[in-house]
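The block underneath contains the structure these notes are about, expressed in structure tokens.
All values below were derived from every heavy atom in this structure, side-chain atoms included, with hydrogens, water molecules and symmetry-related copies excluded.
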Amino acid sequence: MRRPVILFVLMLLIIIPAAARTTEWYTYENGMAAANSMEKPVIIDFYADWCGPCIAMEDSTYPDSRVVSEMEDFIAIKVNTQIRIDIESKYNIAYYPTVVFLDPQGSEISRHVGYLGPEDMVKTIRDSRGKLPVQAPGFQALYPILALLILRKRIIR
């Protein structure tokens, strides 16, 4: 009796594809608000509907699991430059695609102009992450130290 159930479950696992993780894309205003409230850095993808390299990145770069994984600690924003000319002007975008990286306060830390394949995008994200300001540890850093001091005191007794 158990064997048919196990076979059925295995068949379901083979037939039903696992849900692939994807990047959550925000509009400009919603993304900047989210970045501010969550204190996360930002990736802005400036694109145009008619731009071949933009379409290629949409189809092959952004869905790549390595890119999705690297983008998890960023707020991802898409800006259609044909609709949001104000945002395009604010960031002085002249060519497409352009990817702009911002720190959590909204200051630009880097940008890349032109097509990026998955491997190049992963490298670009990692390089930009390395340019983010390092936050000094706050009171949270004291907790492990206090715990060690308390343990040491108990062990010595």
Side chain to side chain donor-acceptor pair (under 3.5 Å) filter on Ser128, not counting sequence neighbours, yields Ser110
Asn36 meets the side chain to side chain donor-acceptor pair (under 3.5 Å) criterion, sequence neighbours left out, with none
What I want to check is whether the side chains of Ser89 and Asp86 have a donor and an acceptor closer together than 3.5 Å. no
Evaluate the criterion side-chain contact (heavy atoms from CB on, under 4.5 Å) for residue pair Arg111 and Phe46; output intermediate values, then yes/no.
CA-CA 11 Å; Arg111 71 172 52 202; Phe46 289 93; over 6 Å; no
In this structure, would [X] and [Y] fall into the same cluster of hydrophobic residues linked by side-chain contacts under 4.5 Å?
X	Y	value
Val100	Tyr96	yes
Tyr28	Val42	yes
Ile43	Val68	no
Phe101	Tyr91	no

Next on the checklist: Please determine whether the number of non-hydrogen atoms from other residues, nucleotides or ligands lying under 6.0 Å from atom CD of Glu119 exceeds 12.
Outcome noted: no
Find the distance between [atom1] ([X]) and [atom2] ([Y]) and round it off to the nearest 0.5 Å.
X	Y	atom1	atom2	result
Lys90	Arg84	NZ	CZ	10.0 Å
Met32	Thr27	CE	OG1	11.0 Å
Ile85	Ile93	CD1	CD1	13.5 Å
Lys123	His112	NZ	NE2	10.5 Å
Ile125	Phe74	CD1	CZ	6.5 Å
Arg21	Met71	CZ	CE	12.0 Å

Which of Ile75, Ile77, Ile44 passes side-chain contact (heavy atoms from CB on, under 4.5 Å) with Leu102? Answer is Ile44
Verdict with supporting geometry, Glu70 and Arg129, side-chain contact (heavy atoms from CB on, under 4.5 Å): CA-CA 10 Å; Glu70 287 296 325; Arg129 185 181 290 115; 2.8 Å; yes
Judged by atom type as modelled, is there a donor-acceptor pair below 3.5 Å linking the side chain of Thr124 to the main-chain atoms of Asp120? yes
Practice prompt. Would you check if the side chain of Lys131 reaches a backbone N or O of Asp103 as a donor-acceptor pair within less than 3.5 Å?
Written response: no
Got a list of side-chain donor-acceptor pairs under 3.5 Å for residues 51-63, not counting sequence neighbours?
{"residue": "Glu58", "atom": "OE1", "partner": "Lys78", "partner atom": "NZ", "Å": "2.7"}
{"residue": "Ser60", "atom": "OG", "partner": "Ala56", "partner atom": "O", "Å": "2.8"}
{"residue": "Thr61", "atom": "OG1", "partner": "Leu116", "partner atom": "O", "Å": "2.6"}
{"residue": "Tyr62", "atom": "OH", "partner": "Asp45", "partner atom": "OD1", "Å": "3.3"}

Just so I know, are the side chains of Val79 and Tyr47 near enough to count as touching, which here means a heavy-atom distance under 4.5 Å? no
* Determine, step by step, whether Ile83 and Thr81 satisfy the side-chain contact (heavy atoms from CB on, under 4.5 Å) criterion, reporting the C-alpha distance in whole Å, the side-chain angles of both residues, the deciding distance to 0.1 Å, and the verdict. => CA-CA 5 Å; Ile83 296 171; Thr81 58; over 6 Å; no
* Determine, step by step, whether Trp50 and Gln82 satisfy the side-chain contact (heavy atoms from CB on, under 4.5 Å) criterion, reporting the C-alpha distance in whole Å, the side-chain angles of both residues, the deciding distance to 0.1 Å, and the verdict. => CA-CA 10 Å; Trp50 50 262; Gln82 306 308 289; 3.5 Å; yes
